[in-house]
Amino acid sequence: SSRAVAYIMLNRKTAHSALAIADALYPEDGSDIDIINKNIRGYIYRFRKSFEPICRNKLIEYTPNGYRLSPSANVMSDLQKFEKLWKQVQKDIPIPQKVHSLKHAIKLYKGHVLGAACDDHWIVGIATDYKMKYISMVNELLSIFAEFEDYSTNVQILKVFEVSVTLGREGVEFVIIKNHKGILCLQ
């Protein structure tokens with residue numbers, strides 16, 4: 001399953017046993033431990049085999065502690081690039097550099113993390129964090145353009161993101177952001 005590989009990539013700092021991966025991905029599965037271990041090992045074996053023709057080194061290696069992304073592998077997911085840009089824009093950097101980084105991060109945003117798996121319990125926290133950082137970056141970019149009275153860029157951004165503010169019950173304001181990747185409602 002691609003979920004096993006994604007789990008290893010998103011949790012790359014440590015090695016994970018096949019049982020730990022299975023427990024994280026499928027906690028309700030009451031299957032035999034030997035079957036679970038065999039399935040996870042099989043997923044990773046097939047992944048390795050598919051990349052063997054194009055990679056000299058194994059992307060995922062087995063250590064005494066379990067499977068991990070090889071430290072020598074120079075692999076970074078869009079989500080990890082996004083996170084790197086997030087950390088960069090949190091620093092006190094020159095405005096042009098910040099604008100460039102914000103634009104780049106916003107372009108990287110793909111909506112749901114891992115598509116079909118985005119509602120799985122093991123990734124909900126990551127997906128929510130990703131979405132909230134994306135919203136924060138869009139807001140910061142709009143604020144920068146407003147500060148410099150660059151209203152034409154703000155209008156271009158707002159055309160990409162249909163933004164509407166509505167007044168709900170009891171005077172609670174809702175901001176609805178809609179683009180080709182979906183709709184997001186904030187209170």
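- The line from CZ of R48 to OH of Y62 is 10.0 Å long, rounded to the nearest 0.5 Å.
- Heavy-atom contacts from other residues, nucleotides or ligands closer than 6.0 Å to NZ of K133 number more than 12.
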Intermediate values then yes/no, side-chain contact (heavy atoms from CB on, under 4.5 Å), V5 and L59
CA-CA 10 Å; V5 173; L59 291 176; over 6 Å; no
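- Rounding to the nearest 0.5 Å places NZ of K13 at 10.0 Å from CG of N11.
- Under the 4.0 Å criterion applied to side-chain N and carboxylate O atoms, E52 and K49 are assigned as salt-bridge partners.
- Under the 6.0 Å cut-off for aromatic ring centres, Y109 and Y130 qualify, their centroids lying closer than that.
- Here the CD1 atom belonging to I106 is positioned 10.5 Å from the OG atom belonging to S101, to the nearest 0.5 angstrom.
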Please test K103 against V99 for side-chain contact (heavy atoms from CB on, under 4.5 Å), starting from the C-alpha separation and ending with a verdict.
CA-CA 6 Å; K103 286 180 175 181; V99 167; 3.9 Å; yes
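- Distance check, rounded to the nearest 0.5 Å: NE2 of H16 to CD1 of I8 gives 7.0 Å.
- Across all their heavy atoms, M9 and V75 have their closest contact at CE-CG1, 3.5 Å.
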Let me see the working for S17 and Y67 under side-chain contact (heavy atoms from CB on, under 4.5 Å), right down to the final yes or no.
CA-CA 6 Å; S17 69; Y67 295 100; over 6 Å; no
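- Of all heavy-atom pairs spanning W122 and A6, the tightest one is CH2-CB, 4.2 Å.
- Atom CD1 of I40 and atom CD1 of I35 lie 13.0 Å apart (nearest 0.5 Å).
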Given the rule in the side-chain contact (heavy atoms from CB on, under 4.5 Å) test, do Q88 and I93 qualify, once you have shown the distances and angles that lead to the verdict?
CA-CA 8 Å; Q88 184 179 357; I93 58 176; 4.2 Å; yes
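- Follow the hydrophobic side-chain contacts under 4.5 Å out from I44 and you reach I54 in the same cluster.
- Between I144 and L102, the closest side-chain pair of non-hydrogen atoms falls below 4.5 Å.
- If you chain together hydrophobic residues whose side chains sit under 4.5 Å apart, M132 and Y134 fall into the same group.
- Salt bridge status for E140 with K98: present, with a side-chain N to carboxylate O gap under 4.0 Å.
- For F47 and Y43, the ring centers are positioned 6.0 Å apart or more.
- Nearest heavy atom pair, residue A15 against residue R68, reads CA-CB, 3.8 Å.
- Between Q80 atom CD and L108 atom CG the span is 12.0 Å, to the nearest 0.5 Å.
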